[in-house]
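What follows is a single structure, written as structure tokens, with notes after it.
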Amino acid sequence: MEPPFPVSPSVFEQLQGQGLTRRGFLQFCASMAALLALPASAAKTIEEALTTRARPSVIWISIQECTGCSESLLRSFEPTLEGLILDQFSLDYHHVLQAAAGKAAEAARDSAIKRNYGKYVLVVDGGITAGADGALSTTGGRSGLEILKTSAEGAALIIAVGSCAAFGGIPAAAPNPTQATGTAQALQVLRDQGRVKAPIINVPGCPPVPEVMTAVIVNFLTFGKPPPLDDLLRPLPFFGRTVHDDCPRLPFYNEGLFAKSFDDEGARKGYCLKDLGCKGPTTYNACTTVQWNQATGFPMKAGHGCLGCSQPGFWDRKGGFYGRLF
Ligand code: SF4
Ligand code: F3S
């Protein structure tokens, strides 16, 4: 399936305008192929797609969120997601980043939807406020729920970024006073009616790993469809393994060597953090493989257990963040 995007100027032409060299571009394509667990030959396909296809329009709506996901994504590696999205992917509307405000900003979103109907990528961050018919979270006098529904009908792809947009997240923590929920659930009726046809991809995490978002968009630009997804709509190349599977503390786990406090000798020796509440064995994410901050670290490398932030309901888990899994 060909993506419904126009062909000029291409993403690469836009990137060149930002000073990206041909070599840097090819390295980027190769790293995207590797991240998406594709054969090395797929780098050529990605290169061709980004060389011949124009940037898609991106409309980014925020509902009950803390801006942490935007903050995280703007710290992606070169070419930065900021560069890709803001300069190359033609970000037409972003609650947090746009210069426009008030009625002008709302008009920009509506006009982008109209201009690019059926072709744009809709990015959602924040939990969807379903209570009181959405009235507990509004922008420009319209509820987030209504904005989501009207924006979703014309989208070619929907990405729910962060655990709030994917599963309800912190706003959905008990007693969930706003009846916050995830994007796919909030759109279920419209999807059943065939009014929302775009595939939905969940990229959970609190916040999500930035490179996953870049790779998901590049995959869509290249192949016109999402990568394989798990039963929670998460891209399998990044959510197919637990963070425990690739944790450097795993040898200690296998030997039964566990730190008992964050400053004991075991902790200093790098022992497993299971007894300090690590949720790694039941948490699917790419933290231990892709890592964070230009691949320099992740929670267990920094001495703290995984909180399970990419799993539904991690905020209400029995025993809290520091209770043992087993
Ligand atoms: Fe698994 Fe956590 Fe121990 Fe790492 S620290 S081996 S993720 S339980
Ligand atoms: Fe979240 Fe665990 Fe990764 S807390 S950031 S999924 S290691």
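Just so you know, ligand 1 is whichever comes first in the structure, and atom 1 is the first atom listed for that ligand. It should be emphasised that the depicted structure is a prediction, and the values quoted were computed from it without experimental measurement.
- Aromatic ring pairs are classed by plane angle as parallel below 30°, tilted from 30° to 60° and perpendicular above 60°; the pair Tyr253 and Phe258 is perpendicular.
- Of all the atoms in ligand 1, the ones that sit under 4.0 Å from a non-hydrogen atom of Leu273 are 3 (Fe), 5 (S).
- Distances shorter than 4.0 angstrom occur between a heavy atom of Pro299 and an atom of ligand 2.
- Taking 2.8 Å as the threshold, His244 does not count as a candidate ligand of atom 2 (Fe) of ligand 1, since none of its N, O or S atoms lies below it.
- With atom 4 (Fe) of ligand 1 as the reference point, the heavy atom nearest to it among Cys272, Gly303, Cys247, Pro281 is part of Cys247.
- Inspection of the Gln64 and Thr178 side chains reveals an N or O donor paired with an N or O acceptor under 3.5 Å.
- If you check which protein heavy atom lies closest to atom 2 (Fe) of ligand 1, you get Cys278 SG, 2.3 Å.
- Of the residues listed (Leu157, Thr183, Ile159, Leu148), the one engaging Leu122 in a side chain to side chain contact (heavy atoms under 4.5 Å, CB included) is Leu148, and it is the only one.
- Residues Pro227 and Pro235 approach most closely at CG-CB, 3.8 Å, considering heavy atoms.
- Checked for salt-bridge contact, Glu265 and Arg268 miss the test: no charged N lies under 4.0 Å from a carboxylate O.
- Look at Cys287 and atom 1 (Fe) of ligand 2: no N/O/S atom of the residue is under 2.8 Å from the metal.
- Every heavy atom of Gly305 sits 4.0 Å or more from the atoms of ligand 1.
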Q. For Arg109 and Glu106, what are the C-alpha separation, side-chain angles and deciding distance, and is it a salt bridge (charged side-chain N to carboxylate O under 4.0 Å, His left out)?
A. CA-CA 5 Å; Arg109 181 196 57 228; Glu106 298 307 289; 2.7 Å; yes

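- Near Leu250, meaning under 4.0 Å from one of its heavy atoms, ligand 1 places the atoms 6 (S).
- Atom 1 (Fe) of ligand 2 has Cys309 SG, 2.3 Å as its closest protein atom, hydrogens excluded (heavy atom only).
- In terms of protein heavy-atom proximity, atom 6 (S) of ligand 2 is closest to Asn285 ND2, 3.5 Å.
- Close contacts between ligand 2 and Leu307 involve ligand atoms 2 (Fe), 4 (S) [criterion: under 4.0 Å to a heavy atom].
- Under 3.5 Å, the side chains of Arg142 and Thr150 contain a donor-acceptor pair of N or O atoms.
- Summary of contacts: the protein heavy atom closest to atom 2 (Fe) of ligand 2 is Cys306 SG, 2.3 Å.
- The pair Lys44-Glu47 meets the salt-bridge criterion, since a charged nitrogen lies less than 4.0 angstrom from a carboxylate oxygen.
- For Gln185, the CD atom is loosely surrounded, since the number of other residues' heavy atoms within 6.0 Å does not exceed 12.
- Contact atoms of ligand 2 toward Thr283: 6 (S) (distance under 4.0 Å to a heavy atom of the residue).
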